[in-house]
Every structure is written in structure tokens, then in C-alpha cells.
Amino acid sequence: MVALARKAQPPEEETSAFAADVLRGLTASPKRLPPKYFYDDAGSLLFERITELPEYYPTRCELAILRAHAAEIVQLIPPGAALIEFGSGSTKKARILLRAARSLACYVPVDICGEMVEREAAELRRDFPALKVLAVTADFTRSFELPAAAEAASARVGFFPGSTIGNFEPHEAAAFLRHAARMLGPGAVLIVGVDLIKSAEVLKAAYNDKAGITAKFNLNLLKRINRELGGTFKLDTFEHHAVYNRERNRVEMHLASLKRQKIKVAGESVDFRAGETIHTENSYKYSAESLAALARGVGWLPAGAWTDADQYFSIQVFKLGEERGGAEALKT
Ligand code: AVJ
């Protein structure tokens, strides 16, 4: 892994991937930006604040489910398995499983934010001295290498909480589940947290908090573009919008330009009409059945499902089918 010392300036290949994605998104029609770029240091901190907002129920519900059912959930983890978390963030949820699990070969937090993942790993080593913690800084939507100890473990268990799966288009979510199957291999288990379909009022409030933290989180993407790609966005000329799209079961976040303007980014110039928006995120909501159907389609069999009292959120556990060689059958 690369040094932690670099702060504002990420390595060149990361910057050019960011620049290419930003230019592609801002020259598209309608304009869009990939939500994974929300999570620089400031964005990761803003997201932590979102999870504590009174309106933002997903994190609280998921934590409640994990706390109430950790013992049952960890029973589905084979002895001696490696636990691999995709997009580990604060690792607060993993800690609940780690406390309940008995014999793990190692815990592998994977996150795009290197500073955060290294800091969390250090704290986990202190709090769980018997546990091997192997942090990986990577964009988990692309292929990355697992630490040798995870490859050598009896089995690999993926942990994908937070309804991060909802950021993907449904076909991308299926592709991710297929990719996870291939990566985790035979005998794998996958523990997924997903936000459930519910009333538009509850959903809208969760993404339009009164304190304005979600707006800051959304606008921070422009701040990051200014800093890392020489962008000239004026933050007070863009406005946070979050709407629920009922037909597609997704909350959409946008940034709307309050006026007609020209912006420079990475040496290119981008025009905005008054009111024109950048689509920055989709947060798809599923039913327990629709997620299970998506997973089954790429070889994952339902092994357990839990929800909270309001049925706002669900934790689902899947196993790879043994017939047709499990993960091997998906290799094509
Ligand atoms: C981390 C993707 C699950 O979609 O609810 C929170 C991100 N965006 N508020 C979500 C988010 C706006 C969050 N996920």
C-alpha cells in the first residue's frame, strides 16, 4: 500500500481516472457524476454526520438489526473464514459482527479512502488484539487483490452493508454480485444490507435533512473537483436537490445550477443553463424479494434475512450454490 502522508494530492493515476470520469460526466447529457467520488476525507466525515441525523434512518436501523441478530448472522460464517468488507468506512457495523464471530482467519476492510481505512484498521487492532486486520485501499467496484491470508482462509465472507448496493443501477448491482462471487470463490457467503422501499415522505426527509448536511455532502463533490482538478465551481451558485423517483424505486440527488454559467475543469470548459442539473447519485430501494431475485440470478442462494420493527431496512445473507460448481460456473 502507498504512503498515507499525501493529503490533498492523490497519486497521478487516481487523479486521471477522476478527471476522465468527471469530464465524461459533465459533457454527457444530462450531466452526471459518479457517487463514489463523494468520499474524499471531507466527504467521508460529512457522510458520518449524515448517519447521525434524525431524518437519516438507514444506519440506525441497520445497526439495530445487526445488534439484535448478530449471533444468528455469524452462525452462517464458516469457521476459519476471512471477513471482507466492501466500502468499510467507519467499521462500526463490522465491529458488531467481529464481537459475535468466534474463529475468523482475518478481517479485511476495503475502502477507497486510504486515510480512513488505515486509521480504522489501527483502532481495530487495538480493540481486537487477537484479530488479524488487513486493510486494503481500493475502489471495490474494480478488481483488487485480496491479502494472501484471505486467499488462504477456509472460505471468504463478503460484508456489504449500508445499502451501498443501492448506488448501482440494478444491472450493475447484478454485475457486482457476480464479481463478488468470483472473487470470494467456492463456499463463499455474502452479507448485504439494503434499504427497503417505503413511503416517499420518509425517503425525501432522509435526503433533505433540516441541518443541511446532505446538501453539504452533495456540494462537497464540486469542492473536490475545484481542489483536485482545478475546477472553478462557485458553490453558492449550485443547489442540492433530492427527489424520490417512484417508478424506479430510487432517491435521486442532483446539483442544480442557479444561473447560466461557464465552468472550467481539468482544462476544459463546461456550460450550464439556468436550472440545469448534475445528477450525482441514485440510491435504489429494494424489497427483500427483489434483492433476493437479483442475487439468485447470479448464483447466490438466500440463507437468511432480517429486518427492523418498521421494516425500513434489511440484512440478507446469501451463499454460493454448490451445483454447477458454484463460483466456477460464473467464471465466463
Ligand atoms: C452510502 C450510498 C447508502 O444512498 O443513502 C446518504 C449515501 N447519500 N445521503 C445513501 C447518501 C445521501 C448513502 N449510501
Side-chain angles (χ1 to χ4, degrees), residues 32-66 85-94 109-113 116-117 120 139-141 159-170 172-173 176 191-224 238-245 248-256 277-286 291 308 310 312-316:
R32 54 181 158 76
L33 288 169
K36 67 182 177 189
Y37 294 116
F38 281 134
Y39 302 93
D40 64 353
D41 294 339
S44 297
L45 288 174
L46 284 167
F47 179 67
E48 290 309 315
R49 286 175 69 189
I50 287 174
T51 65
E52 285 155 16
L53 292 167
E55 300 96 332
Y56 193 76
Y57 62 85
T59 312
R60 260 189 309 281
C61 290
E62 187 172 35
L63 286 169
I65 300 168
L66 286 170
E85 180 167 5
F86 301 106
S88 50
S90 79
T91 74
K92 193 170 176 185
K93 295 160 191 168
V110 182
D111 205 281
I112 196 167
C113 179
M116 184 148 195
V117 78
E120 288 300 323
D139 173 355
F140 65 78
T141 65
F159 184 37
F160 196 33
S163 204
T164 307
I165 196 165
N167 268 177
F168 295 131
E169 290 300 313
E172 294 170 338
F176 174 78
I191 305 167
V192 186
V194 71
D195 198 13
L196 299 175
I197 296 166
K198 64 184 62 61
S199 87
E201 284 61 45
V202 173
L203 287 168
K204 269 189 279 182
Y207 294 83
N208 289 288
D209 63 281
K210 292 216 174 76
I213 309 299
T214 308
K216 269 197 185 151
F217 173 73
N218 200 2
L219 285 160
N220 178 60
L221 191 47
L222 302 184
K223 225 185 196 177
R224 179 177 188 182
F238 285 84
E239 193 172 68
H240 165 73
H241 288 186
V243 294
Y244 183 53
N245 182 332
R248 306 184 73 171
N249 295 319
R250 68 188 197 196
V251 173
E252 299 178 3
M253 292 210 309
H254 299 265
L255 288 166
T277 65
I278 311 171
H279 187 176
T280 51
E281 183 178 54
N282 285 321
S283 188
Y284 279 89
K285 309 305 171 189
Y286 286 86
L291 184 75
D308 53 288
D310 293 320
Y312 277 2
F313 204 90
S314 104
I315 298 275
Q316 302 206 34

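Remember, it's 1-based here, ligands and their atoms both numbered in the order they're listed.
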_Per-ligand residue contacts, ligand 1, heavy-atom threshold under 4.0 Å_ = Tyr39, Phe47, Ile50, Tyr56, Gly162, Ser163, Asn167, Tyr207, Thr214, Phe217, Met253, Glu281, Ser283

*Main-chain N/O of Ile65 paired with Asp308 side-chain donor or acceptor, under 3.5 Å*: no

*Taking only residues two or more places apart in sequence, or in another chain, which ones meet Arg60 in a side chain to side chain contact (heavy atoms under 4.5 Å, CB included)?*
none

*For residues Ala173 and Ile165, report the shortest heavy-atom separation together with the two atoms involved.*
CB-CG1, 3.9 Å

_Among residues at least two apart in sequence or on other chains, which ones pass ring-ring contact (aromatic ring centres under 6.0 Å, His included) with His241?_
none

*Quick one: list whatever passes ring-ring contact (aromatic ring centres under 6.0 Å, His included) with Tyr244, sequence neighbours left out.*
none

_Tyr57-Phe313 aromatic ring centre distance below 6.0 Å_ = no

